[in-house]
Amino acid sequence: VKRLVIKVGTSSLILPNGKINLRAIDQIAFTLTTLKNEGYEVILVSSGAIGAGLHQLGLDKRPTTISKQQAVAAIGQSELIKIYSQRFQSYNQAAAQVLLTRDVVDYPESRRNVINTIQELLEMKVIPIINENDSVAVDELDHLTKFGDNDQLSAIVAQLSEADLLIMLSDIDGFYSANPMTNKEAKLFERITEITPELESAAGDEGSRFGTGGMSSKLKAAKRVFNNDSQMILANGRDPQIIFDILEGKTIGTHFAS
Ligand code: ADP
């Protein structure tokens, strides 16, 4: 069995007008269910709680205080998981919610509990939907509870679950020599075998409006993946069925493998 971790970024889940991208969520549910029925073990790491919460409340930007952001995340997370559950159910697939904070995976006993839960869910043929527990961890300065962002979270989940492959779906076709939004000369890297300082400077540090990680955080995640002798593919999540092509071995996005 191949074990996959699929990470979907905010940019793929929240439309530019702030609404939840229901079509994307439906396609994610369809694609992941199909993969599971084909014999893959599938774990989803999904962002979007704060985006969904902002939409629920009719706000167009994050509140300024941390406690308000946490409240927005609590509202959005339940809305998001409700939509995922409904979409998965329509394909006769059960899903489960697992919310994590950094301290939980740093502390050996709770770390073991997380590993066991994920393992058990996979044996039950259920798809775990994992997110950072933003209701207790949105403060970027709080390194005890915060993973940093969901790129790091997905790499840590891939590590905990000993996944064969981490697929990151973003709003861009892969990792380029410069930000393609601002540089027309930028070239897509098809394969990256190690993270060099040149790549790190190509990543810059700006992400999309709703995304938080940006490319430097994807490289940081890739480093962790390399350290675990695993692999990562960064691809465009516009059409989540791209995952089928990736698993057929087509050259898509950027393949991080040593
Ligand atoms: P997500 O929400 O999917 O995690 P991010 O917004 O964090 O996505 O990161 C994707 C964005 O990173 C792209 O839309 C692009 O504008 C920007 N970016 C900056 N540098 C690069 C680069 N070298 N290659 C690709 N994208 C880049």
Side-chain angles (χ1 to χ4, degrees), residues 5-21 23-25 27-28 31 44-55 61-62 69 73 76-77 80 129-132 134 138 140 146-158 166-225 232-240 242-243 246 251-256:
V5 174
I6 318 271
K7 185 254 170 181
V8 188
T10 306
S11 57
S12 310
L13 294 168
I14 306 294
L15 293 164
N17 64 11
K19 291 196 171 146
I20 300 179
N21 190 341
R23 206 173 68 105
I25 294 186
Q27 291 185 352
I28 291 162
T31 305
L44 174 62
V45 174
S46 177
S47 310
I50 292 190
L54 292 176
H55 176 57
K61 59 177 193 312
R62 285 181 177 222
Q69 288 180 33
Q77 179 65 30
L80 191 66
I129 305 175
I130 302 181
N131 194 7
E132 178 156 51
D134 286 329
V138 292
E140 303 291 341
K146 191 100 181 105
F147 287 104
D149 53 62
N150 272 9
D151 297 327
Q152 309 318 309
L153 172 62
S154 65
I156 289 169
V157 167
L166 167 61
I167 299 177
M168 280 200 194
L169 298 181
S170 185
D171 63 347
I172 196 98
D173 288 343
F175 187 79
Y176 286 80
S177 54
N179 186 350
M181 303 283 184
T182 52
N183 188 333
K184 290 260 172 302
E185 311 282 285
K187 291 213 162 37
L188 179 73
F189 292 105
E190 284 184 356
R191 192 182 177 101
I192 289 176
T193 54
E194 60 173 331
I195 310 302
T196 60
E198 289 72 30
L199 293 177
E200 280 172 342
S201 65
D205 48 23
E206 288 215 2
S208 61
R209 186 161 78 96
F210 287 105
T212 46
M215 283 300 134
S216 53
S217 116
K218 302 211 167 31
L219 290 188
K220 202 170 148 206
K223 267 190 189 167
R224 186 180 282 274
V225 167
M232 173 176 132
I233 290 177
L234 175 65
N236 200 318
R238 197 187 312 115
D239 177 5
I242 196 171
I243 299 172
I246 291 173
T251 310
I252 286 171
T254 303
H255 191 170
F256 295 83

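Residue numbers run from 1 in the order of the sequence given. As the structure lists them, so they are numbered: ligands from 1, and atoms in each ligand from 1. Remember, it's a predicted structure, so these values are computed and weren't measured experimentally.
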* Structure fact -> Quick look: Lys187 vs ligand 1, heavy-atom contacts under 4.0 Å, and the answer is neither

* Looking at ligand 1, does any of its N/O atoms fall within less than 3.5 Å of an N/O of Gly9? -> no

* To do: Check the pair Leu169, Ile243 against side chain to side chain contact (heavy atoms under 4.5 Å, CB included), reporting the backbone distance first and the verdict last.
  => CA-CA 9 Å; Leu169 298 181; Ile243 299 172; 4.0 Å; yes

* Structure fact -> A student checking ligand 1 against Lys7 at a 4.0 Å heavy-atom cut-off should list atoms 4 (O)

* To do: Just let me know how Ser217 lines up against ligand 1, side chain, backbone, both or neither, with a heavy-atom cut-off below 4.0 Å.
  => neither

* Quick check: does Ser12 get an N/O under 3.5 Å from an N/O on ligand 1? -> no

* Sub-4.0 Å heavy-atom contact, Gly174 with ligand 1 -> yes

* Taking C-beta and beyond as the side chain, do Tyr176 and Asn183 meet within less than 4.5 Å on heavy atoms? -> no

* Residues Ile252, Ile233; criterion side chain to side chain contact (heavy atoms under 4.5 Å, CB included); working and verdict -> CA-CA 8 Å; Ile252 286 171; Ile233 290 177; 5.6 Å; no

* Asked: Under 4.0 Å from any heavy atom of Thr10, which atoms of ligand 1 are there?
  -> 2 (O)

* Contact partition for Met168 relative to ligand 1, non-hydrogen atoms under 4.0 Å -> neither

* Under 3.5 Å, N or O to N or O, is Asn179 touching ligand 1 that way? -> yes

* **Ser11: numbered ligand 1 atoms lying under 4.0 Å from its heavy atoms** => 1 (P), 2 (O), 3 (O), 8 (O)

* Arg224 CZ: over 12 foreign heavy atoms closer than 6.0 Å -> yes

* Counterpart residues, side chain to side chain contact (heavy atoms under 4.5 Å, CB included), relative to Gln152 (two or more places apart) -> Asp149, Ser217, Lys220, Ala221

* Please determine if Ala202 has a nitrogen or oxygen closer than 3.5 Å to a nitrogen or oxygen of ligand 1. => yes

* Asked: Going through the checks in order, is the side chain to side chain contact (heavy atoms under 4.5 Å, CB included) test met by Ile25 and Leu80?
  -> CA-CA 9 Å; Ile25 294 186; Leu80 191 66; 4.0 Å; yes

* Asked: Looking at residues at least two apart in the chain, or sitting in another chain, which of them share a side chain to side chain donor-acceptor pair (under 3.5 Å) with Asn236?
  -> Asp173

